[in-house]
Visitor: 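Below are the C-alpha cells for one structure; questions will follow.
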Amino acid sequence: QEVSGHSSSKPKKVMVIGGDGYCGWATALHLSNKGYEVAIVDNLVRRLFDHQLGLDSLTPITSIQNRVRRWKSLTGKTIQLFIGDICDFDFLSEAFKSFEPDAAVHFGEQRSAPYSMIDRSRAVYTQHNNVIGTLNVLFAIKEYSEECHLVKLGTMGEYGTPNIDIEEGFITITHNGRTDTLPYPKQASSFYHLSKVHDSHNIAFTCKAWGIRATDLNQGVVYGVRTDETAMHEELSNRFDYDGVFGTALNRFCVQAAVGHPLTVYGKGGQTRGYLDIRDTVQCVELAIANPAKPGEFRVFNQFTEQFSVNDLAKLVTAAGAKLGLDVQTKSVPNPRVEAEEHYYNAKHTKLIELGLEPHLLSDSLLDSLLNFAVQYKDRVDTAQIMPSVSWKKMGAKPRTVSV
Ligand code: NAD
Ligand code: USQ
C-alpha cells in the first residue's frame with residue numbers, strides 16, 4: 001500500500017496504547033494482520049473498573065496474555081506487550097525506547113462519561129489519567145521518537161451540540177472585518193468529554209511548539225463487536241459493554257432487546273450523535289497511520305459515518321427485533337445527564353472518506369447479526385446493570401461506594 005502522506009518511509013511499527021480495550025484490541029489485531037509490527041501498552045485498569053463496579057462484558061474475554069498467545073498460534077504474528085500505566089513516565093519511556101514506534105495510537109483513557117460523573121474522585125481520576133497520560137505520550141515522542149506520528153482518539157462530544165454545522169476541527173470566522181481559521185468551539189458535557197478537550201489543546205500546542213505530528217480522531221459512538229480478526233477464535237473475542245456506566249447507546253439497546261428489557265431512551269430521545277461500526281474504527285485508524293500528518297501538523301478528522309437520534313436507534317432496534325420475533329418495548333427514562341434533548345445536529349465527516357474510508361453503514365443485516373449476537377449471550381446479562389445509576393446533577397464530593 002502506497003503512503004500518500006509526507007513521511008519519508010512507510011510506518012511499520014505501531015504502539016497501540018489501550019490495546020486491551022474495545023477499540024484498541026480490534027485495532028491491534030487489524031494492524032497486526034495488515035503487516036504492521038504491533039506493541040500493546042495497557043495497564044488493564046479497565047478490567048479493574050469492571051471488578052470494582054461489579055460489571056462484566058457481555059462476551060467472556062480472556063486475559064491479554066492468552067489473547068496475544070492465541071493470535072500468535074493462529075497467525076504466527078507476534079504482538080509485544082507492555083503492561084503498565086502511561087501516567088508513569090519511566091514505564092512509558094522504557095516502552096518507547098524499547099519499541100521505537102513510527103506511530104502511537106492512543107486509546108488508553110478512562111472513556112466513560114457516566115464513570116467521570118460518579119463522584120469527585122472519579123472526575124479527578126478521569127481528568128488526571130487522561131490529561132497526564134496524553135502529556136506523557138507527547139513528552140515520550142519528543143524525547144525518544146521525534147518522527148513518531150501520534151494518532152489520538154478524541155471524541156465528537158468535544159463539540160457539543162451547537163446550533164450551527166460542526167466542521168472538522170477548525171472553523172473560518174470573519175469578525176470585525178478580519179478573517180481567521182480557528183479551532184472549532186468546544187462545549188463538552190461531562191468531565192470525561194472535557195478531558196478530551198484538554199488533550200486536544202495540549203496536542204495542538206506541542207505540534208506548534210515542538211513540531212510533533214498528530215491526528216486527533218474525533219470519534220462518534222462506536223457499535224458492533226465482531227471484526228475479521230476478533231471473529232477468528234473465541235479467545236480473540238472483543239469486550240461488549242451493555243451496563244449503564246460503560247455501555248453505549250446502540251450496543252445497549254441490542255442487549256436490552258435480547259433480554260426483553262424496555263429500551264432505555266433518556267428524556268425526549270432527540271439527542272443526536274455520530275455513530276460508526278467498530279469495523280470502521282479499525283479502518284479509520286489504519287488510514288490515519290498510513291497517511292501521516294506532517295511534522296508540526298495538528299490534523300482533526302471527524303470519525304463517524306452516520307448520525308442518529310436515540311429515538312431513531314430505538315425504532316431501528318424495535319423493527320429488527322420484530323423480524324426475530326422479539327417484542328421490543330421502549331421506555332422513556334428520566335435523563336440522568338444534562339444535555340439538549342431536541343437540537344440541531346449536522347457534523348462534517350469527509351476527511352476520512354477522502355483518504356479512502358469505505359463505511360459499513362448500519363444496515364438491517366448488521367442489526368440482525370448484532371441482535372442475534374446479543375441473544376446468543378443473553379444468559380450472561382445481569383439485568384441489574386442496565387438502568388443508569390449515575391446522575392450529572394446529584395454527583396458530589398462524597399465518595400460513592402457500590403452497594404450490593
Ligand atoms: P476501553 O475502556 O474499552 O479501553 C481503554 C483501554 O485503555 C483499557 O484497556 C484501559 O485499561 C486502558 N487504559 C486506560 N488508562 C490507561 C493508562 N493510564 N495507562 C495504560 N492503559 C490505560 O475504551 P474504548 O471504548 O476502547 O475507547 C478507546 C478510546 O476511544 C478512548 O480514548 C475513548 O475515549 C475513544 N472513543 C471510544 C468510543 C466508544 O464508543 N467506545 C467512541 C469515541 C471515542
Ligand atoms: N443514551 C440514552 N440511553 C441509553 C444510553 C445513552 O438515551 O441507554 C443517550 C445519552 O444520553 C446520549 C447518547 O445516548 O445522549 C449517547 O450516549 P452514549 O452513552 O452512547 O455515549 P457517550 O456517553 O457520548 O460516550 C460514548 C463513549 C465515549 C465517546 C462518545 C462519543 O463512551 O468514549 O467519546 O461515545 S460521542 O458521543 O460522539 O462524544
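The structure presented is a predicted model; accordingly, all values stated were derived computationally and were not measured. Throughout, numbering of the chain's residues begins at 1 and tracks the sequence. Remember, it's 1-based here, ligands and their atoms both numbered in the order they're listed.
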Visitor: Could you find the nearest protein heavy atom to atom 34 (O) of ligand 1 and give me its residue, atom name and distance?
Guide: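 Protein heavy atom with the smallest distance to atom 34 (O) of ligand 1: Y192 OH, 2.6 Å.
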Visitor: Considering the heavy atoms of T264, write down every atom of ligand 2 situated less than 4.0 Å from one of them.
Guide: 2 (C), 3 (N), 4 (C), 7 (O), 8 (O)
Visitor: Looking at D85, which atoms of ligand 1 are within less than 4.0 Å of one of its heavy atoms?
Guide: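 Heavy-atom distances to D85 below 4.0 Å select 17 (C), 18 (N), 19 (N).
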Visitor: If you take the nearest heavy atom of each of Y266, Y22, Y192, F253, which one is closest to atom 5 (C) of ligand 2?
Guide: Y266
Visitor: May I ask you to check if ligand 1 and F246 share an N or O to N or O distance below 3.5 Å?
Guide: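 By distance alone, the answer is no.
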Visitor: Does only the side chain of A249 get under 4.0 Å from ligand 2, or the backbone, or both, or neither? Count heavy atoms.
Guide: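 Near ligand 2, A249 shows its backbone as well as its side chain.
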Visitor: At a non-hydrogen distance cut-off of under 4.0 Å, which region of E158 contacts ligand 2 (side chain, backbone, both, or neither)?
Guide: neither
Visitor: For the pair Y159 and Y184, name the ring-plane relationship: parallel under 30°, tilted 30 to 60°, perpendicular over 60°.
Guide: perpendicular
Visitor: Flag G21 as yes when one of its N or O atoms lies below 3.5 Å from any N or O atom of ligand 1, and as no otherwise.
Guide: yes
Visitor: Do any heavy atoms of G154 fall under 4.0 Å from ligand 1?
Guide: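 Per 4.0 Å heavy-atom rule, G154 contacts ligand 1.
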Visitor: Does H193, backbone or side chain, put an N or O under 3.5 Å from an N or O of ligand 2?
Guide: yes
Visitor: Is there a polar contact between ligand 1 and V221, counting only N or O atoms under 3.5 Å apart?
Guide: no
Visitor: Backbone N or O of Q307 within a donor-acceptor pair of the R273 side chain at under 3.5 Å?
Guide: no
Visitor: Counting from 1, what ligand 2 atoms have a heavy atom of R273 closer than 4.0 Å?
Guide: 15 (O), 37 (O)
Visitor: Examine the proximity of ligand 2 to R111 and report which part, side chain or backbone, both or neither, has a heavy atom under 4.0 Å away.
Guide: both
Visitor: In terms of side-chain geometry, is the basic nitrogen of D20 or R239 positioned less than 4.0 Å from the acidic oxygen of its partner?
Guide: no
Visitor: Could you work out, for atom 9 (O) of ligand 1, the closest of D42, T281, I64 by heavy-atom distance?
Guide: D42
Visitor: With nothing but distance in play, are any N or O atoms of V45 less than 3.5 Å from an N or O of ligand 1?
Guide: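 Yes: some nitrogen or oxygen of V45 is under 3.5 Å from one in ligand 1.
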Visitor: Look only at interatomic distance and state if D241 has a nitrogen or oxygen under 3.5 Å from any nitrogen or oxygen of ligand 1.
Guide: no
Visitor: Which option, L48, V222, D88, I17, owns the non-hydrogen atom nearest atom 39 (C) of ligand 1?
Guide: V222
Visitor: Take atom NZ of K378 as the centre, draw a 6.0 Å sphere, and report whether it contains more than 12 heavy atoms from other residues, nucleotides or ligands.
Guide: no
Visitor: Describe, in one word, how the ring planes of F49 and Y125 are oriented to each other, choosing from parallel (under 30°), tilted (30 to 60°) and perpendicular (over 60°).
Guide: perpendicular
Visitor: Could you pull out, from V221, T161, N302, V310, the option with a heavy atom nearest to atom 21 (O) of ligand 2?
Guide: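 Closest candidate by heavy-atom distance is V221.
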Visitor: Taking distance alone, with no angle check, do R46 and ligand 1 share an N/O pair under 3.5 Å?
Guide: yes
Visitor: May I ask whether S112 places a heavy atom under 4.0 Å from ligand 1?
Guide: no
Visitor: Under 4.0 Å from a heavy atom of D20: which atoms of ligand 1 are those, numbered in the order shown and with their elements?
Guide: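 Ligand 1 atoms under the 4.0 Å threshold to D20: 9 (O).
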Visitor: Among N43, N251, T27, L153, which residue places a heavy atom closest to atom 16 (C) of ligand 1?
Guide: N43
Visitor: Using a 4.0 Å cut-off to any heavy atom of G18, which atoms of ligand 1 qualify?
Guide: 6 (C), 7 (O), 12 (C)
Visitor: Check each atom of ligand 1 against the heavy atoms of R239 and keep those under 4.0 Å away; list them by number with element.
Guide: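 That gives atoms 3 (O) of ligand 1.
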Visitor: Hey, can you tell me if F89 and F139 have their rings parallel, tilted or perpendicular (30° and 60° cut-offs)?
Guide: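 Perpendicular.
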Visitor: Just going by heavy-atom distances, which of T248, L250, T155, N218 is nearest to atom 26 (C) of ligand 2?
Guide: T248
Visitor: Could you tell me whether the side chain of E168 and the main chain of N302 form a donor-acceptor pair under 3.5 Å?
Guide: yes
Visitor: Check ligand 2 against G157 and write out every atom of the ligand that is under 4.0 Å from a heavy-atom position of the residue.
Guide: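 Here the atoms of ligand 2 in question are 36 (S), 38 (O), 39 (O).
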Visitor: Please could you name the atoms of ligand 2 that Q271 approaches to less than 4.0 Å, counting only its heavy atoms?
Guide: 11 (O), 15 (O)
Visitor: Describe, in one word, how the ring planes of F373 and Y377 are oriented to each other, choosing from parallel (under 30°), tilted (30 to 60°) and perpendicular (over 60°).
Guide: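 Ring orientation of F373 relative to Y377: tilted.
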Visitor: Is there any N or O on Y22 that sits under 3.5 Å from an N or O of ligand 1?
Guide: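 Checking ligand 1 against Y22, an N or O pair does fall under 3.5 Å apart.
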Visitor: Under 4.0 Å from a heavy atom of G220: which atoms of ligand 2 are those, numbered in the order shown and with their elements?
Guide: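 Reading through ligand 2 atom by atom, the close ones are 31 (C), 38 (O).
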Visitor: Which ligand 2 atoms, with their elements, are less than 4.0 angstrom from a heavy-atom of A113?
Guide: 23 (O)
Visitor: Identify, for atom 43 (C) of ligand 1, the protein heavy atom at the shortest distance, and state residue, atom and that distance.
Guide: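 The answer is G220 O, 3.1 Å.
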Visitor: Below the 3.5 angstrom mark, is there an N/O of P114, backbone or side chain, next to an N/O of ligand 2?
Guide: no
Visitor: Counting from 1, what ligand 1 atoms have a heavy atom of G84 closer than 4.0 Å?
Guide: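 Checking each atom against G84, I get 19 (N), 20 (C).
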Visitor: Please work out which of H128, Q110, H193, R111 has its closest non-hydrogen atom nearest to atom 41 (N) of ligand 1.
Guide: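 Going through H128, Q110, H193, R111 one by one, R111 has the nearest heavy atom to atom 41 (N) of ligand 1.
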Visitor: May I ask you to check whether E339 and N335 show a side-chain donor-acceptor distance below 3.5 Å?
Guide: yes
Visitor: Enumerate the atoms of ligand 1 whose separation from the nearest heavy atom of L44 is less than 4.0 angstrom.
Guide: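 Answer, ordered by atom number: 11 (O).
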Visitor: Counting each atom of ligand 1 from 1 as listed, which ones have a heavy atom of K196 under 4.0 Å away?
Guide: 31 (C), 32 (O), 33 (C), 34 (O)
